[in-house]
Amino acid sequence: MIQVPDASGRFGKFGGRYVPETLMNALLELEEAYKHYSQDPDFQAEVNELLHTYSGRPTSLYFAERLTRHLGGAKIYLKREDLNHTGAHKINNTIGQGVLAKRMGKKKIIAETGAGQHGVASATIAALLGLECKVFMGEEDMKRQQLNVFRMQLLGAEVVPVLSGTRTLKDACNETLRYWVSNVDDTYYILGSVTGPHPYPMIVRDFQRIIGDEAREQILKDEGRLPDYIVAAVGGGSNAMGIFYPFVGDESVRLIGVEAAGRGVDTEEHAATMTKGRHGVFQGSLSYVLQDETGQVQPAHSISAGLDYPGIGPEHAYLKDVGRAEYFPVTDAEALEALQLLSRTEGIIPALESAHAIAHVMKLAPSLPAGQTIVVSLSGRGDKDVETIMGYLGGLKHESN
Amino acid sequence: MNPIDLVFERLQAEKRTALIPFITTGDPDLRTTVDIVVELEKAGADMIELGVPYSDPLADGPVIQKASERALRNPITLEACVDVAAKAREAGVKMPFILFTYYNPVLQYGLERFFTLLHEQGISGLIIPDLPIEEDGEVREMAAEAGVHLVPLVAPTSKARVQRIAAEAQGFVYCVSSLGVTGMRSEFHAGLEGFLESVREATPLPIAVGFGISSREQVERMSASADGVIVGSAIVRQVEEALPLLSDETTYRQGIEQIGRFVAGLRV
């Protein structure tokens, strides 16, 4: 396959830099710095050391034997990103970008967050590296994820409530970009997913590819061959891109992204960007977008705050359109069922985001012969969601308005 | 000749600075927007920016964000926005129209159809705030064919990019007064005058300043170094404040005139 992105930040036709002129020099400066440091052994060593000693990498590839037996069919392996420091894959990226910010001489970082996982990971790295940190979070998400709000504050970050638009991740991203436009001179923006303008989709993918690099080595060791399927949840798509990327060239490996169907793709309340969206420009890049016929971006819905996003990273759009990856929707109800199944069969409470991937595996595994293997990205642990889950399962309606 | 060029030519002869108001189209509804346009020309506007409301206005501060939300309460199409210009012309408006829109609505409408529409409805200029020069090749070409000026933005952070942007500019160069989104402010970028000078050196075209300009004093200050001044949020705020008047037929005209008086007061 050809190398993507190209020099102008394009994955095929997708990607690019659709931002106000005020940000262009900052993006070019970031690209320049990243090109330089990504080749610098000293930078790489610092990042790798932190991934190892601070976050606890490599994370294990765990054979979910009881889940496999329960479902019948293909062997299921879980790539345990939930075992990272702060409980999700998000830290892989914030360690990388945090060290990059420091090397670039920036003292202040900003970040957007949906579920709060990227916000916590950003606040964590800011504390570790002695950087000032502001996290922008939709007011609605602050309600859904109170625990993470408090965690960020404990870590010394300022959580800025976003009151505009949908008051969820989409508008938290807008507000972070607006803040960056005003403070671009001394502030580094740690974008949390493989979304936004070039070079972010490339940088975040590169910092997240460690998930796939490790998984590839681990499965070859355990099984002596490549897996048949990789399954990962996609909101913006960073954990999926991270685990997909090292397998993109392995054509026998089917890459499956699972998106949030909310209350169903035929309702108005879902976040199924690939299933229901069209090509469009949103938050800095050309990709698939949930939008109406006039190009207004539609609010998304998912039980999972981390998937509640009407866009998706441009490299996913590219992989879909060239036929290299496939994307399937999973509803809130299916995700909740999967979360309970994994909790009971394996003693692992997954994040609601990751539960979407498990839900797809529940459909996929029984349809496959026992000789096949599936590697699932278990992107995060479910502690942050326990209150939400309790609300749903206890029959207490805990919904966004 | 493009009407924007004619206006700047005339104003230069008169040694005056162009006053360019921005309003959000469809805020609170399309009929009111037409009436505001008519009133603003009477109040001394030399050309006008019609903002297309958008769900995710990245370059805009809270005032224009809210105006967009108000306008989007009713479904609104690009055609309907452009039709405001046609209706205003029927009502006697002579000044040039500049359409200000984020890129996605244009992309969804279709570039070819879009430029046909602008050409047919006599829109003279186009500003797309999220389309930097790296991405504007196709749009630039089609705009030129349609005889529509694609007006670029330059920012105090543009630095070496000013040359490149200015070299491609048509109509005028839109200089962003400060780092940040649109919205009223008391302070501009510390190096503003120097920045404007650098843009001036880079282009023979007129230069206009916008973002954050809200008072007559500020218009006056900007007039010293620019050929045009764009006032957006301050006028949109006037519309917001006039909403109670505009919502009642008996006070409707009063609301329109109140907005007009504010703009008349900005003229230097």
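Here is the naming used below: chain letters follow the sequence lines, and residue numbers restart at 1 for every chain. Quick caveat: nothing in here was measured; it's all calculated off a predicted structure.
A donor-acceptor distance shorter than 3.5 angstrom exists from the side chain of E135(B) to the backbone of R17(A), with no hydrogens or angles considered. In terms of modelled atom types and a separation under 3.5 Å, the side chain of N174(A) and the main chain of D56(B) share no donor-acceptor contact. With hydrogens and angles disregarded, no donor-acceptor distance shorter than 3.5 Å links the side chain of Q296(A) to the backbone of P105(B). Here the side chain of N25(A) pairs a donor or acceptor atom with the backbone of T157(B) at under 3.5 angstrom.
Interface remark: L72(B) contributes side-chain atoms only to the contact with chain A (heavy atom separation under 4.5 Å). When heavy atoms are compared at a cutoff of 4.5 Å, L286(A) approaches chain B solely by way of its side chain, counted from C-beta outward. Using a 4.5 Å cut-off between heavy atoms, D136(B) makes no contact with chain A at all.
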Hey, mind stepping through V281(A) and Y102(B) against side chain to side chain contact (heavy atoms under 4.5 Å, CB included) and telling me if it holds?
CA-CA 9 Å; V281(A) 164; Y102(B) 287 86; over 6 Å; no
Side chain to side chain contact (heavy atoms under 4.5 Å, CB included) between L179(B) and V181(A), worked out
CA-CA 6 Å; L179(B) 302 187; V181(A) 172; 5.6 Å; no
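Here the closest non-hydrogen pair linking L58(B) and R178(A) is O-CG, 3.2 Å.
Residues T294(A) and L78(B) fail the side-chain proximity criterion, which asks for heavy atoms closer than 4.5 Å. With contacts defined as side-chain heavy-atom distances shorter than 4.5 Å, the pair L28(A)/R161(B) qualifies.
Between K159(B) and E29(A) there is no salt bridge, since none of the side-chain N atoms of the basic residue sits less than 4.0 Å from a carboxylate O of the acidic one.
Side-chain atoms of Q291(A) and Q108(B) form a donor-acceptor pair, as typed in the model, at a separation below 3.5 Å.
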